[in-house]
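Working notes, structure below.
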Amino acid sequence: MASSPISSNTSTTISSELQAQTKLALAGQLTDGAYKSVSLPIYQTAIFRFDDTDGKPAYDYSRSGNPTRAALESTIADLEGGAGAVCVASGMAAVATVLALYDVDAHIICSHDCYGGTERLLTWYKKQGKLDVSYVDLTDPLNLALALRPETKAVWVETPSNPLLRIIDLQKVGEIAKDAGIDVIVDNTFLSPLLQRPIDFGADFVVHSTTKYLNGHSDVIGGVVVAKTKENRERAHFAANATGATSAPFDSWLVLRGLKTLPLRLRQHEENAQTVARYLESHSGVKKVFYPGLESHEGHELAKKQQKGFGGMVSFEVIGDAAAVRALLTSTKVFTLAESLGGVESLIEQPATMSHASMRPEAREEAGITRNVIRLSVGIEHIDDLIADLEQALLAASCSTTKRSTKSSATHV
Ligand SMILES: *Cc1c(COP(=O)(O)O)cnc(C)c1O
């Protein structure tokens, strides 16, 4: 590609010796050989001109390849330590792209509290006779060994899990999978490659919803598949190109711009989340807090071992009836009641009725997602405002419980 004014691979031009934070600040800068723009150009084009019919140009059609998308792909692949990546239209498109690589009679083992949309897709495929799936509690990696069948082709891992932030031992799962000759696929959306690199533990594929931390501004739906080997990157690219799942130039550009501040954002997300988790743990209206950064968390030691940080997601079980939970969810003023996560703004939600509503009720119950479980995506606002907001919302919840119980005891009298 020496003749092309566009380098599709920034890592050949930006030294691989640099720290991730530096590489991200520089990402995309060396892509435009024509005018040397410092900001990555958005190649908002569907097609590219051929010089003749003798050879194929570097890019011919944007579903198959686009320089803006290519710059993002090489940046994310480098961060994850993979051989390559393919950026697609959503996190679910990334999930579907990887699953498309397996034969219809393949058996997949999946962590039992995976993302609701992943569970919905796998359940739908199974109903169509396209893939068989077993849901297993992978916090005990032995359950993986027990669920193996001759036709098992892959294990699907999400750690920390959603919404209870259980931690799965990537090293152990990787060893069992390697012995069994099956692929390891890790959904790394909750942490990002700066806090966890599954390929270092033997993962074959890493997927992300770039909608979340990688873009970080709640203004793009996007996804990525990162492959450990070049061959698997080509297979994933084939699938994404064949189904038309690849992402648009402008969306790719926005995600790359978001990535530039990922290290800074993550630091603030985590610092705030740690303080919020400690605050909730000491609150009398809260039964249990789920945050891997707390010493009380079951997976704390394991998280310390395999992660470079604990991330910005905090879940907790609030005490009270349905009205109290509703009062909590509708009283926050800084936290927005919304699904999703990983944006600069703080979000609050009820997984049972919102993010995990698409999950089968039995699956939800098995995973321990009750209506009193509240999930927070802790943003980068000032911590004092976040704590004050939770304080008044928890007060509203406890008042709602007291009011109702006073009322009902009054009617009994
Ligand atoms: C959001 C999410 C997805 C799906 O991503 P979309 O961009 O919404 O399609 C997959 N996995 C996890 C862990 C997620 O949080």
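In listed order, ligands and their atoms are each counted from 1. Nothing fancy with the numbering, it's 1 onward along the sequence.
- Any N or O atom pair closer than 3.5 Å counts here, and Asn162 shares no such pair with ligand 1.
- Annotation: Phe316 is not in aromatic contact with His283 [ring centroid separation under 6.0 Å not met].
- Polar contact check, Thr118 against ligand 1: no nitrogen or oxygen pair lies under 3.5 Å apart.
- Aromatic ring pairs are classed by plane angle as parallel below 30°, tilted from 30° to 60° and perpendicular above 60°; the pair Phe48 and Tyr59 is tilted.
- Considering each of Glu339, Lys212, Met313, the one bringing a non-hydrogen atom nearest atom 1 (C) of ligand 1 is Lys212.
- Without hydrogens or angle criteria, Gln392 side chain to Asp389 main chain gives a donor-acceptor distance under 3.5 Å.
- Ligand 1 is approached by Gly222 to a heavy-atom distance shorter than 4.0 Å.
- In terms of polar-atom proximity, Gly91 is counted as a contact of ligand 1, with an N or O under 3.5 Å from an N or O of the ligand.
- A side-chain donor-acceptor contact under 3.5 Å links Asn272 and Gln268.
- Atoms of ligand 1 found under 4.0 Å from any heavy atom of Glu158, numbered from 1 in the order shown, are 13 (C).
- Atom 9 (O) of ligand 1 has its closest protein heavy atom at Met92 N, 2.8 Å.
- Test Gln306, Glu298, Lys304 against Ile167 for side-chain contact (heavy atoms from CB on, under 4.5 Å) and you get one pass: Gln306.
- Using a 4.5 Å heavy-atom threshold, the side chains of Gln29 and Leu40 count as separate.
- Closest to atom 12 (C) of ligand 1 among all protein heavy atoms lies Asp187 OD2, 3.4 Å.
- Proximity of Leu341 to ligand 1 is established by a heavy-atom distance of less than 4.0 Å.
- Residues Trp124 and Lys130 fail the side-chain proximity criterion, which asks for heavy atoms closer than 4.5 Å.
- Close contacts between ligand 1 and Thr211 involve ligand atoms 7 (O) [criterion: under 4.0 Å to a heavy atom].
- Between the side chains of Gln196 and Asn188, at least one donor N or O lies within less than 3.5 Å of an accepting N or O.
- What sits closest to atom 10 (C) of ligand 1 on the protein, heavy atoms only, is Tyr115 CD2, 3.4 Å.
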